[in-house]
2 protein chains.
Amino acid sequence: MNISDVARSTGLPVKTIRYYEDIGLIAPARSDNGYRDFSDSDLHKLAFIGRARSLGFGIEACRDLLRLYNDQTRASADVKRLAQAHLDEIDRKIAELGQMRDTLSHLIDACAGNDRPDCPILADLAAAPDHA
Amino acid sequence: MNISDVARSTGLPVKTIRYYEDIGLIAPARSDNGYRDFSDSDLHKLAFIGRARSLGFGIEACRDLLRLYNDQTRASADVKRLAQAHLDEIDRKIAELGQMRDTLSHLIDACAGNDRPDCPILADLAAAPDHA
DNA sequence: ATAAGGTCTCCAGTCACTGGAAGGTCAAGC
DNA sequence: GCTTGACCTTCCAGTGACTGGAGACCTTAT
């Protein structure tokens, strides 16, 4: 299976697949002509990685997840711990963005949005010692 | 005013302040010894940038905001448009993270987290064609 | 034979810093 | 005057996870 077929069936860009090989997430065979020759197992791994990435896991976490997946002696607790750490990080980011959202939203509401220069958004940026 | 004083009073790292000069956000004077010599205006600008950054504005947006701030003939509508675009982006990110959070949270709840290898998290990553 | 399209490698750029090396400057204490 | 230590300078490289592009090779169809 050539790389563009794999790209089509996993939804991952060709460049990304090559990159995943570069960093050692996959190791597809090579044909005589030097082309990568992907097995079903490679395909499966890439799909796995693609889904983990879509859940926001970082590359190193993907590597860990793949290792756990291939380890029949794993404890589900290890997987859960990894996922929970990631969830905590997501919650942290959501909270951070929510904070930004609230402040920004207030400022936008207060701004007339007309031809005049007076603007509470700029006033806040210029003066606010904190956004409490 | 030397750079470490500015760092102290703006809360920005020294490295970041130098970087902001590099990319042309500020242009502090230089003393005879080659040290940067920050004016109150530089300080004010850095504080402004720091607050815009803390609201999640990117560097180019900060540059635009600073330009609008210094333009007495600005229209508040321009500021509002910029802020609204950023708010939309934040909302998009929150929605994306929320989606991840929901999926991940379900999977974590379903995982026993014990010594056994069975794990719905890995099962989902390995098999799920989508996370609908 | 040629043209189109797929594949290869390698290099550079993204964003907003951050770390570190190597060296100049300054103020205090001896 | 000399040293010590804290400060300052520039420049280079690395971060995460790709992405774009150049230049060259391979394959398939006409």
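What you see below is based on every heavy atom in this structure, not just the backbone, and it leaves out hydrogens, waters and symmetry mates. First the proteins, then the strands, lettered A, B, ... as listed; each starts at 1.
Reading DNA chain C from its 5' end, the first and the last nucleotide to sit under 4.0 Å from a heavy atom of chain B are dA16(C) to dC26(C). Taking 4.0 Å as the cutoff to heavy atoms of chain A, we find the contact window on DNA chain D bounded by dA17(D) to dT27(D).
Taking the nucleotide of DNA chain D with the nearest heavy atom to each of R8(B) and R30(B), the more 5' of the two is matched to R8(B). Judged by closest nucleotide on DNA chain D, Y20(A) is the one of Y35(A) and Y20(A) placed further toward the 5' end. Annotation: of the two residues near DNA chain C, K15(B) and V14(A), the 5′-most nearest-nucleotide partner is V14(A). With the nearest nucleotide of DNA chain C identified for both F38(A) and N33(B), F38(A) has the one nearer the 5' end.
Looking only at side-chain heavy atoms (C-beta outward), S105(B) and R101(B) come within less than 4.5 Å of each other. The shortest distance between side-chain heavy atoms of P117(B) and Q72(A) does not fall below 4.5 Å. For the pair L97(B)/D91(A), no side-chain contact is recorded, criterion being any heavy-atom separation below 4.5 Å from C-beta on. A heavy-atom distance below 4.5 Å is not found between the side chains of R36(A) and N2(A). With contacts defined as side-chain heavy-atom distances shorter than 4.5 Å, the pair R8(A)/D5(A) qualifies.
The two atoms that bring M1(A) and S9(A) nearest to each other are CE-OG, 4.1 Å, heavy atoms only.
Using a 4.0 Å heavy-atom distance criterion, R53(A) is classed as a sugar-phosphate-only contact. At the heavy-atom level, R18(B) lies under 4.0 Å from base atoms of the strands shown. Here F57(B) lies out of heavy-atom contact (under 4.0 Å) with every strand. Among the heavy atoms of the strands, none lies under 4.0 Å from I23(A).
A salt bridge links E21(B) with R30(B); the closest basic N to acidic carboxylate O contact falls under 4.0 Å. A salt bridge does not link K45(B) to D42(B): none of the charged nitrogens lies less than 4.0 Å from a carboxylate oxygen. Note on K93(B) versus E96(B): no salt bridge recorded, every NZ/NE/NH1/NH2 to OD/OE distance being 4.0 Å or above.
Y35(A) and F38(A) are assigned to two separate hydrophobic clusters, defined by single-linkage of ILVMFWY side chains at heavy-atom distances under 4.5 Å.
Computed from C1' positions of five pairs at each end, the angle between the two local axes of the helix from dA1(C)-dT30(D) to dC30(C)-dG1(D) equals 30°, rounded to 10 degrees.
Here the straight-line distance linking atom CG of L25(B) with atom OH of Y19(B) works out to 8.0 Å at 0.5 Å rounding.
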